[in-house]
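So the structure is just underneath, and the comments pick up after that.
Along the sequence shown, the residues carry numbers beginning at 1.
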Amino acid sequence: MISRSELFAGAATYYARYRHGYGTEIIDYIADTLGLDDRTRVLDLGCGPGTLAIPLAGRAGEILAVDPSEEMLAEGARWGTPGIRWLRGDSSTLGELPLGPVDHVVMGRSFHWTERERLLRHLDELLPAHGAVVLAGPTTDPADPPWEPQVQAVRRTFGLEWRANSEEYAQSGRHHDEILRGSAFNRLESRRFTRTVRQSADDIVGLQLSFSYSSPARLGERMPAFTKAVHEALDAANPSGEWREEVVTEIVVARRP
Ligand SMILES: C[S@@+](CC[C@H](N)C(=O)[O-])C[C@H]1O[C@@H](n2cnc3c(N)ncnc32)[C@H](O)[C@@H]1O
């Protein structure tokens, strides 16, 4: 089985460059809802290249940015953003990390990689009474991006349909909300944010290399053939080369009753 640290091997630079950020409105919402100030310490678990940690730094006292991938941490750390401590670890090793007191936990597109119930039990021990768990990511009913049919057809020809999630998530199929409702953090507040994003075919090709199932490491020497095939499929479907997408992000704030 592929190790946690290798899930996104080779993908970090593509992740930082091509994945959609969350945007100011969402960052403001998280900061305001949690009441962040210069004394608040926030754990960003599965931080990747700092998609949440970097814009949240400066809004809180300290961000503890934790990820199992050295590459992701290095990509985030190279900006030298003050107020962030980058730590290698994952949901199963939190107890071993030198975190110190943590007020809140944020997870951007990473909860599905964890053994969710076990993690929430651990967070119940870690967080103070006012502590919240915040999930940021696609909604309960995510729509496929407009280019997905073309890219999916190419992925199929390259045998890249492997679903890369935690065993627990893949096997139970239970939605995050259901898992949260069964945990100590069962008081949920959810808000959706919609943005229009414009991308070129090059952006969409680069984005594919940020996904665990079509990362550079997964593709190996087939990477040039894959990117060429994706580009050709996109150009055939949309010769204008401009793609428009409505990106919906859901922020779930889970608190104890
Ligand atoms: C899709 S990326 C999300 C990155 C960033 N948080 C964001 O919002 O874009 C998922 C991240 O979770 C990390 N990850 C995978 N398994 C994990 C685990 N068990 N605990 C914590 N992080 C994990 C991966 O290394 C990867 O950087």
Side-chain angles (χ1 to χ4, degrees), residues 1-8 22 29-31 33-36 39-48 50-53 56 60-69 72-73 84-140 142 163-191 212 249-257:
M1 206 174 99
I2 193 161
S3 76
R4 280 195 178 113
S5 58
E6 293 300 313
L7 288 169
F8 288 85
Y22 290 99
Y29 174 70
I30 295 175
T33 305
L34 296 181
L36 299 186
R39 287 159 304 167
T40 322
R41 303 183 81 245
V42 179
L43 167 62
D44 178 2
L45 181 58
C47 63
T51 329
L52 282 172
L56 281 176
E62 188 167 39
I63 309 286
L64 304 146
V66 171
D67 201 282
S69 159
M72 288 287 193
L73 295 169
I84 307 180
R85 246 168 79 203
W86 302 93
L87 294 164
R88 180 151 185 207
D90 65 54
S91 53
S92 67
T93 61
L94 281 181
E96 297 156 29
L97 296 177
L99 297 174
V102 174
D103 293 290
H104 306 290
V105 177
V106 296
M107 281 177 268
R109 301 178 277 216
S110 59
F111 194 41
H112 60 287
W113 288 108
T114 70
E115 302 301 311
R116 296 172 294 175
E117 286 167 322
R118 191 168 150 226
L119 169 63
L120 290 168
R121 280 195 298 276
H122 187 80
L123 296 183
D124 191 26
E125 287 166 22
L126 184 73
L127 295 185
H130 66 268
V133 175
V134 178
L135 306 185
T139 63
T140 40
R163 295 290 308 156
N165 291 313
S166 78
E167 288 287 305
E168 181 274 312
Y169 181 83
Q171 282 169 19
S172 82
R174 289 163 72 204
H175 189 266
H176 291 344
D177 286 8
E178 192 188 330
I179 301 283
L180 286 167
R181 285 211 175 86
S183 79
F185 301 91
N186 58 12
R187 190 160 58 92
L188 307 190
E189 202 181 299
S190 160
R191 201 165 142 190
S212 57
T249 304
E250 184 172 18
I251 306 295
V252 177
V253 180
R255 292 188 169 90
R256 299 184 186 93

How close do [X] and [Y] get, counting heavy atoms only, and between which atoms?
X      : Y      : answer
Ala60  : Leu36  : CB-CD1, 4.2 Å
Leu73  : Ala65  : CD2-O, 3.9 Å
Pro257 : Ala184 : CD-O, 3.5 Å
Ser172 : Arg116 : OG-NH2, 3.3 Å
Ser212 : Phe8   : N-CE2, 3.8 Å
Ser183 : Leu120 : CB-CD1, 3.7 Å

Does [X] reach the side chain of [Y], with side-chain heavy atoms less than 4.5 Å apart?
X      : Y      : result
Ile251 : Thr249 : yes
Thr40  : Leu34  : no
Cys47  : Leu87  : no

Counting only heavy atoms from other residues, nucleotides and ligands, does the tally under 6.0 Å from CZ of Arg187 exceed 12? yes
Does [X] have any side chain to side chain contact (heavy atoms under 4.5 Å, CB included) partners at least two apart in sequence or in another chain, and if so, which?
X      : value
Thr51  : Tyr15, Tyr22, Pro49, Arg109
Glu178 : Arg174
Leu97  : Val66, Leu94, Leu99
Pro101 : Arg41

Gap between atom [atom2] of [Y] and atom [atom1] of [X] - 0.5 Å precision:
X      : Y      : atom1 : atom2 : value
Asp90  : Glu96  : CG    : CD    : 8.5 Å
Ser110 : Asp44  : OG    : CG    : 7.0 Å
Glu189 : Arg191 : CD    : CZ    : 9.5 Å
Leu43  : Arg85  : CG    : CZ    : 11.0 Å
His104 : Ile30  : NE2   : CD1   : 11.5 Å
Arg118 : Leu123 : CZ    : CG    : 11.5 Å

Output, in order, the C-alpha distance, side-chain angles, deciding distance and verdict of side-chain contact (heavy atoms from CB on, under 4.5 Å) for Leu119 and Phe111. CA-CA 9 Å; Leu119 169 63; Phe111 194 41; 4.0 Å; yes
Could you check whether Ser190 and Glu250, counting side-chain N and O atoms only, form a donor-acceptor pair closer than 3.5 Å? yes
Going by atom type alone, with no hydrogens or angles, which donor-acceptor pairs under 3.5 Å involve a side-chain atom of residues 124-136 and a protein atom two or more places apart or on another chain?
residue: Asp124; atom: OD1; partner: Arg256; partner atom: NE; Å: 2.8
residue: Asp124; atom: OD1; partner: Arg256; partner atom: NH2; Å: 3.1
residue: His130; atom: NE2; partner: Asp103; partner atom: OD1; Å: 2.9

Could you work out, with ring pair (Phe, Tyr, Trp, His ring centres under 6.0 Å) as the rule, every residue matching His122, not counting sequence neighbours? none
Show the numbers, then the answer: is there a side-chain contact (heavy atoms from CB on, under 4.5 Å) between Leu64 and Val102? CA-CA 9 Å; Leu64 304 146; Val102 174; 3.8 Å; yes
